[in-house]
Amino acid sequence: MDITDIRRQFPILERTMCDKPLVYLDNAATMQAPQRVLRAIEEAYTRRRANVHRGVHTLSQEATDAMEHSREVARAFLNATSIEEIIFTRGTTEGLNLVASSYGQLLDEGDEVIVTAMEHHSNIVPWQLLARRRGIVVKVVPIDAEGRLCLDAYKQLFTPRTRLVSVCHASNVLGTVNPVAEMAAIAHSHGAVICVDGAQGAPHTRIDVQALDCDFYALSSHKMYGPTGIGILYGRRELLEQMPPYQGGGEMIGHVSFAGTTWADLPYKFEAGTPDYVGAAAFASAVEFINEVGIDNIATHEHDLLVHATEQMLTIPGMRIFGTAPGKCGVISFLIGNAHHYDTGLFLDKMGFAVRTGHHCAQPLMDVLGIEGTVRASFGVYNTYDEVDSFIAALRRIAPILNQ
Ligand code: C6P
């Protein structure tokens, strides 16, 4: 893997920030997009702008073909069995809301949904909304001191009323990668289905929904070197067939009449309205970029950076790292002594480093950790050892000032 060549494909990495070279370490929030994705967006607007699935004219056909090509690329990336199982969404959040809203209608008062203490708000609030609407009960798997799920506690949460488990593939705060296949087997043995929040899984690790044996898998394109505003929800076909539509409108119907309306076949039943066909087409370019570099190479590179950065950071007096589970992904949440995360982030920004600060949309996890927020550095394929070293040097410089 030639990082110099990879970096050349990302024009934004040439930017300076406060007169310093930009070091972009906020990849868990949003990744940068390579030239080919930018070109795909431009081409869609300049050469193929027309509504999809509606026109007989050539432009519309071409736009439709580009979107449907992307669906096939997503299918292959996830190893789903058919394109009927691939639904375009606005992102992970919408994918999870779709499952909660639609599959949720198949649940009854008193049915139970299991989530975990390390979930993003996107995988908590939709279930809480469902609890208000339908009286379901939300149960929470605790975590241990390293930030791993307590699997024994998970097993004990199941009752005959457990209908669904929803868990993140990887935590956006702790970096913990959850044993999704094992959790799926346990859920299935109790007759429950499993939904995976793949926002932090899909960009960093090989996904095979058949091997994981998950029932739903949601992801966001913008966290995978792709355009914003588009994502994928994989759903097991038998379940999608049973589920009612999520939204009503054009595209999702078979026939509409005031006497009664029928739904379109999968996947269109879940794609009401004009989709983000530009984003959908450009998403294919992002996946092709990942495939070309190789997801295993990406994972290895990010892991090496993670190990190097963690070792170095721990030599800084007062450094506290949250999330130390073996096999974690390239996310480091930390605090320096009692310094406020926001102050640390501001100092780093002035030195050219883009990191995220705050609760990372995981306030229940912050409560468990007993903190308000952290600083978070997260890696992408274009990050280098030199960048990590300069980041460590910056932390070393600011640590004594922050800890005064
Ligand atoms: N986490 C972060 O900085 P959307 O916003 O729909 O693309 O993704 C939501 C989401 C869901 N689950 C997990 C585990 C996530 O990390 C995210 C997004 C960003 O950590 C923005 S809060």
Side-chain angles (χ1 to χ4, degrees), residues 24-33 74 87-101 115-129 140-141 143 147 149 165-178 180 183 194-205 207 214 216-234 246 276 279-280 282-283 286 302 322-323 325 328-334 341-342 345 353-366 368-369 373-380:
Y24 189 76
L25 296 175
D26 196 14
N27 294 287
T30 275
M31 279 185 175
Q32 300 303 338
I87 299 162
F88 281 112
T89 62
R90 285 190 296 121
T92 306
T93 303
E94 187 173 47
L96 296 170
N97 274 280
L98 191 162
V99 177
S101 297
V115 298
T116 85
M118 67 172 81
E119 297 309 318
H120 186 277
H121 296 165
S122 299
N123 199 21
I124 298 173
V125 184
W127 306 110
Q128 291 178 326
L129 290 172
V140 185
V141 187
I143 58 171
L149 288 180
V165 173
S166 199
V167 60
C168 58
H169 198 165
S171 159
N172 65 324
V173 175
L174 305 167
T176 310
V177 178
N178 289 317
V180 168
M183 293 177 77
I194 185 162
C195 172
V196 183
D197 166 354
Q200 303 293 345
H204 308 289
T205 178
I207 311 296
C214 57
F216 301 100
Y217 195 100
L219 58 81
S220 297
S221 151
H222 71 100
K223 294 189 197 290
M224 301 170 62
Y225 310 99
T228 57
I230 190 89
I232 299 288
L233 175 69
Y234 157 81
Y246 165 55
D276 179 0
F283 175 62
E302 290 173 354
F322 299 89
K328 67 180 270 197
C329 67
V331 166
I332 308 180
S333 281
F334 65 95
H341 48 86
Y342 189 67
F353 300 93
V355 293
R356 188 168 170 192
T357 60
H359 54 62
H360 314 297
C361 300
Q363 282 178 325
L365 176 58
M366 295 299 135
V368 171
L369 298 173
T374 72
V375 187
R376 185 189 66 188
S378 51
F379 305 116

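Read the numbers this way: they start at 1 and go in the same order the structure lists the ligands and their atoms.
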Enquirer: Would you mind checking which non-hydrogen protein atom is closest to atom 16 (O) of ligand 1, with the distance to 0.1 Å?
Expert: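 Heavy-atom neighbour on the protein nearest atom 16 (O) of ligand 1: Gln200 NE2, 2.7 Å.
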
Enquirer: I'd like to know whether ligand 1 has Asn123 as a neighbour, heavy-atom separation below 4.0 Å.
Expert: no

Enquirer: Taking it one step at a time, do Thr374 and Phe334 satisfy side chain to side chain contact (heavy atoms under 4.5 Å, CB included)?
Expert: CA-CA 5 Å; Thr374 72; Phe334 65 95; over 6 Å; no

Enquirer: Please state which protein non-hydrogen atom is closest to atom 5 (O) of ligand 1 and give its distance, to 0.1 Å?
Expert: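 That would be Thr93 OG1, 3.7 Å.
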
Enquirer: Are any of the side-chain heavy atoms of His121 and Gln363 separated by less than 4.5 Å?
Expert: yes

Enquirer: Relative to the ring of His169, is the ring of Tyr217 parallel (under 30°), tilted (30 to 60°) or perpendicular (over 60°)?
Expert: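 Because their plane-to-plane angle is over 60°, the rings of Tyr217 and His169 count as perpendicular.
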
Enquirer: Any side-chain heavy atom of Met31 sitting closer than 4.5 Å to one from Met224?
Expert: no

Enquirer: Which bit of Glu119 is near ligand 1, meaning a heavy atom under 4.0 Å away: side chain, backbone, both or neither?
Expert: neither

Enquirer: Give me the residue, atom name and distance of the protein heavy atom closest to atom 15 (C) of ligand 1.
Expert: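 Protein heavy atom with the smallest distance to atom 15 (C) of ligand 1: His120 CD2, 3.4 Å.
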
Enquirer: To the nearest 0.1 Å, how far is atom 1 (N) of ligand 1 from its closest protein heavy atom, and which atom is that?
Expert: Lys223 NZ, 3.0 Å

Enquirer: Looking at ligand 1, does His222 have a heavy atom less than 4.0 Å from it?
Expert: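 For ligand 1, residue contact (heavy atoms, under 4.0 Å) with His222 is present.
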
Enquirer: Please work out, at 4.0 Å between heavy atoms, whether the side chain, the backbone, both, or neither of Ala29 comes within that distance of ligand 1.
Expert: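 Contact part for Ala29 vs ligand 1: both backbone and side chain.
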
Enquirer: Let's go through His120 and Val173 carefully: what are the C-alpha distance in whole Å and the side-chain angles of both, what is the deciding distance for side chain to side chain contact (heavy atoms under 4.5 Å, CB included) to 0.1 Å, and is it a yes or a no?
Expert: CA-CA 9 Å; His120 186 277; Val173 175; over 6 Å; no

Enquirer: Hey, could you give me the CG/SG distance between Leu98 and Cys195, rounded to the nearest 0.5 Å?
Expert: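 It is 9.5 Å, given to the nearest 0.5 Å.
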
Enquirer: May I ask you to identify the nearest protein heavy atom to atom 11 (C) of ligand 1, giving residue, atom name and distance to one decimal place in Å?
Expert: Asp197 OD2, 3.4 Å

Enquirer: Ligand 1 versus Glu94, non-hydrogen atoms closer than 4.0 Å: side chain, backbone, both, neither?
Expert: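 It is neither part, as no heavy atom is under 4.0 Å.
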
Enquirer: Can Ser378 and Asn27 be counted as having a side-chain donor-acceptor contact under 3.5 angstrom?
Expert: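 Not at all, the side chains of Ser378 and Asn27 share no donor-acceptor pair under 3.5 Å.
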
Enquirer: Which heavy atom of the protein is the closest neighbour of atom 2 (C) of ligand 1, given with residue, atom name and distance?
Expert: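 For atom 2 (C) of ligand 1, the nearest protein heavy atom comes out as Arg356 NH1, 3.0 Å.
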
Enquirer: When you measure from the heavy atoms of Arg376 to every atom of ligand 1, does any distance fall below 4.0 Å?
Expert: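 Yes, that is the case, since the closest heavy atom of the residue is under 4.0 Å from the ligand.
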
Enquirer: Heavy-atom pairs closer than 4.0 Å: do any link ligand 1 to the side chain of Thr92, the backbone, both, or neither?
Expert: both

